Amino acid sequence: MDQGSIARILKQVSGGEDEIQQLQKALLDYLDENTETDASLVFSRKFYIAQWFRDTTMETEKAIKSQKDEDSSEGAHHAKDVETTGQIMHRAESRKKFLRSIIKTAPSQFSTLKLNSDTVDYEDACLIVRYLASMRPFAQSFDIYLTQ
C-alpha cells in the first residue's frame with residue numbers, strides 16, 4: 001500500500017472522523033460524482049454502504065460476545081477488556097451514525113456537501129478500495145484460510 005498517497009488523501013479530506021470514515025467518505029464522494037458517467041456506480045455506492053454497515057454491526061457483536069466471555073471467566077485483565085470493548089462500541093456507533101447520515105442524504109444533496117470534487121481520482125479511488133479491503137477481517141487472516 002502506498003501510505004504516502006493514503007496520507008495525502010486523508011489530508012485533503014477534512015473532517016473529525018477517524019481514518020476509515022474519511023476514506024469511506026472520499027470513496028463515496030468519488031462514486032457519487034461519477035454516477036452520471038457510469039450507472040453501475042450507483043449500485044457500487046449502495047453496496048459499499050451496506051457492507052460497511054454490516055461490518056460495523058459484526059464488529060459490535062464480536063465485542064459484546066467477547067465481553068460476555070470475559071464476564072464469565074472473570075480474568076485479571078477484566079477492567080482493561082471492558083474499556084477496550086467500550087471504545088470499540090463507541091467507534092462502531094459513530095461509524096453507524098455516519099453511514100446512516102449518508103443513507104438518509106439524497107444523492108443530489110450529497111454532492112452539495114462535498115468540499116472539493118477533485119480530491120479523489122480513479123487511481124486514488126482504487127487505492128482507497130484496496131486499503132479498506134485490507135482492513136477487513138478476511139484479508140487480515142488470509143494466511144490462516146490459505147493454510148487450512
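Note: hydrogens, waters and symmetry copies are ignored here, and every other heavy atom, side chains too, is used. All values derive from a computational prediction rather than experimental measurement.
Glu93 CD to Lys97 NZ: the interatomic distance, rounded to the nearest 0.5 Å, is 10.0 Å. Rounded to the nearest 0.5 Å, atoms OH (Tyr48) and CG (Leu132) are 8.5 Å apart. Here CG of Asp55 is found 11.5 Å from CE of Met135. Values are rounded to the nearest 0.5 Å. Taken to the nearest 0.5 Å, the CZ atom of Phe43 stands 12.5 Å off from the CG atom of Asp38. How far CG of Leu99 is from CD of Gln51: 11.0 Å, rounded to the nearest 0.5 Å. Note that CD1 of Ile49 and CZ of Phe98 are 8.0 Å apart. Values are rounded to the nearest 0.5 Å.
Judged by distance alone, with hydrogens and angles left aside, the side-chain atoms of Asn34 form a donor-acceptor pair with the main-chain N or O of Tyr30 at under 3.5 Å. No donor-acceptor pair closer than 3.5 Å links the side chain of Glu59 to the backbone N or O of Arg91.
With sequence neighbours excluded, the residues forming a side chain to side chain contact (heavy atoms under 4.5 Å, CB included) with Met89 are Thr60, Ala63, Ile64, Thr85, listed by chain and number.
Considering only heavy atoms from C-beta on, Glu33 stays 4.5 Å or farther from Leu41 through its side chain. For the pair Ser66/Lys62, no side-chain contact is recorded, criterion being any heavy-atom separation below 4.5 Å from C-beta on.
With Arg45 as reference, Ile102 is the one residue of Ile102, Asp29, Leu27 to meet the side-chain contact (heavy atoms from CB on, under 4.5 Å) rule.
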Go through the steps for Asp18 and Arg95 under the test side-chain contact (heavy atoms from CB on, under 4.5 Å), then give the verdict. CA-CA 9 Å; Asp18 64 6; Arg95 286 183 183 170; 3.0 Å; yes
Worked check of side-chain contact (heavy atoms from CB on, under 4.5 Å) between Trp52 and Gln21: CA-CA 10 Å; Trp52 295 331; Gln21 278 183 336; over 6 Å; no
Run the numbers on Gln22 and Ile9 for side-chain contact (heavy atoms from CB on, under 4.5 Å), then give the verdict. CA-CA 9 Å; Gln22 289 176 337; Ile9 294 168; over 6 Å; no
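Minimum interatomic distance between Leu31 and Ser44 (heavy atoms only, all atoms of both residues): CD1-C, 4.2 Å. Here the closest heavy-atom approach between residue Ser5 and residue Leu127 is recorded as CB-CD2, 3.3 Å.
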